[in-house]
Amino acid sequence: VAAEVVGGPVSMTIEVGQAASAGAVMAAHGVVLTRVRLADGSVELITPSTPLPAGALVVAVGTRRRLTAAAAELGRE
């Protein structure tokens with residue numbers, strides 16, 4: 001049985017409400033954005049220069065507190 005780390009990193013899928021820059025979101029909130037699913041269904045790995053268009057689904061990793069702040073800026077869980 002694996003021990004759960006309290007306050008450790010978790011992942012969250014966030015729907016982008018307003019277009020944003022991946023690098024700006026990562027720097028502002030201390031989260032790592034890993035992949036994005038675009039409206040056409042394609043999936044891409046995220047780099048700091050990746051644009052995040054409205055309607056895209058983004059996988060983010062970080063602490064619950066930081067993810068909540070990033071989700072508030074980007075859109076919704």
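When a residue number appears, it is its place in the shown sequence, counting from 1.
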Give me the atom names and distance for the closest heavy-atom approach of [X] to [Y].
| X | Y | answer |
| --- | --- | --- |
| P48 | S21 | O-OG, 3.8 Å |
| G62 | L67 | O-CD1, 3.5 Å |
| I46 | A22 | CG2-CB, 3.5 Å |
| G17 | A54 | O-CB, 3.5 Å |

*Any pair with a residue in residues 41-56 that passes side-chain hydrogen bond (donor to acceptor under 3.5 Å, both in side chains), sequence neighbours left out, goes on the list, sorted by first then second residue, please.*
D40-S42, T47-S49, T47-T50
_Of all pairs that satisfy side-chain hydrogen bond (donor to acceptor under 3.5 Å, both in side chains), the ones with a partner from residues 52-62, not counting sequence neighbours_ = none
_Approximate separation, where rounding is to 0.5 Å, of L74 CG and L57 CG_ = 11.5 Å
_Would you say L52 ends up clustered with V61 if hydrophobic residues are merged whenever their side chains have heavy atoms under 4.5 Å apart, either directly or through other cluster members?_
no
Going by atom type alone, with no hydrogens or angles, which donor-acceptor pairs under 3.5 Å involve a side-chain atom of residues 25-38 and a protein atom two or more places apart or on another chain?
from: H29; atom 1: NE2; to: E73; atom 2: OE1; distance (Å): 2.5
from: T34; atom 1: OG1; to: V59; atom 2: O; distance (Å): 3.3
from: R37; atom 1: NH1; to: G41; atom 2: O; distance (Å): 3.3

